[in-house]
Every structure is written in C-alpha cells, then in structure tokens.
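For reference, the structure discussed in these notes is given below.
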Amino acid sequence: VADKIGKARTARGCLIVMPGVMKDGKRVKPGHVGVVVEVDPAFDPAHPRLELVRVAHCSPSHHKTHGQAVAITDARVFGSRAYRFLDFHP
C-alpha cells in the first residue's frame, strides 16, 4: 500500500504510526501508534481514506470520552501528520 511516506501493506494486525514533532532538538508533539483491527474493502491505497481503517490505540482523551484509555476508532487522527503503515507479519 502506498501511504504518505512509503510503502507497506495495510491489513489487520499491522501498525499505523505517526512521528513526533521536534523543534530545536526538543519534542514539541508526541508521536502516536495504533494497531489496525479492520480495513474496509473499499479502502484504496492510491487514495487512502483513513475513516475506512479502524485502529486500537491509547489516548488520555479516550479515558474522558469512553471511560478507558484504549479505544477503537477510525484512523483519521493519524492523518494530521505524515503517517505510515508498518507491516510486521511474517
């Protein structure tokens, strides 16, 4: 799958990662990682629509919204910065 910065297979079990932001050698925004739990068959890697990918990930805001830190959401949160799907399947 072609993504914003490279190639990887987008499939259940792969990771989606978004790098942190550094400024003057200091991290100003943390990175983020999630585990892909579902990919809608309509997902097209050439024109990725992240709302078609469901991801399990941890966030303090999930605790406020869902009552627990880990939630399954669509992957749009990862689209705010360069993201990458990483396939670690054997």
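Residue indices begin at 1 and follow the sequence shown.
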I need the minimum non-hydrogen distance between P48 and A46, along with the two atoms involved. CD-C, 3.6 Å
Quick one: closest heavy-atom pair of V17 and F78, and the distance? C-CD2, 4.4 Å
Once rounded to the nearest 0.5 Å, what's the spacing between atom CD1 of I16 and atom OH of Y83? 6.5 Å
In a check of side chain to side chain contact (heavy atoms under 4.5 Å, CB included) between V21 and each of K26, R27, R81, which one passes? R81
If I take atom CG from residue L15 and atom OG1 from residue T10, how far apart are they, to the nearest 0.5 angstrom? 11.5 Å
Rounded to the nearest 0.5 Å, what separation is found between the CZ atom of R49 and the CG atom of D40? 8.0 Å
Distance (rounded to the nearest 0.5 Å) between D74 CG and L50 CG: 8.0 Å
Between OG on residue S80 and NZ on residue K29, distance to nearest 0.5 Å: 7.0 Å
When clusters are formed by joining ILVMFWY residues with side-chain heavy atoms under 4.5 Å apart, either directly or through shared neighbours, do V33 and L86 land in the same one? yes
Is there a side-chain contact between E38 and I72, using heavy atoms and a 4.5 Å cut-off? no
Nearest heavy-atom approach of A82 to P19 is O-CD, 2.9 Å
To the nearest 0.5 Å, tell me how far C14 SG sits from R84 CZ. 11.5 Å
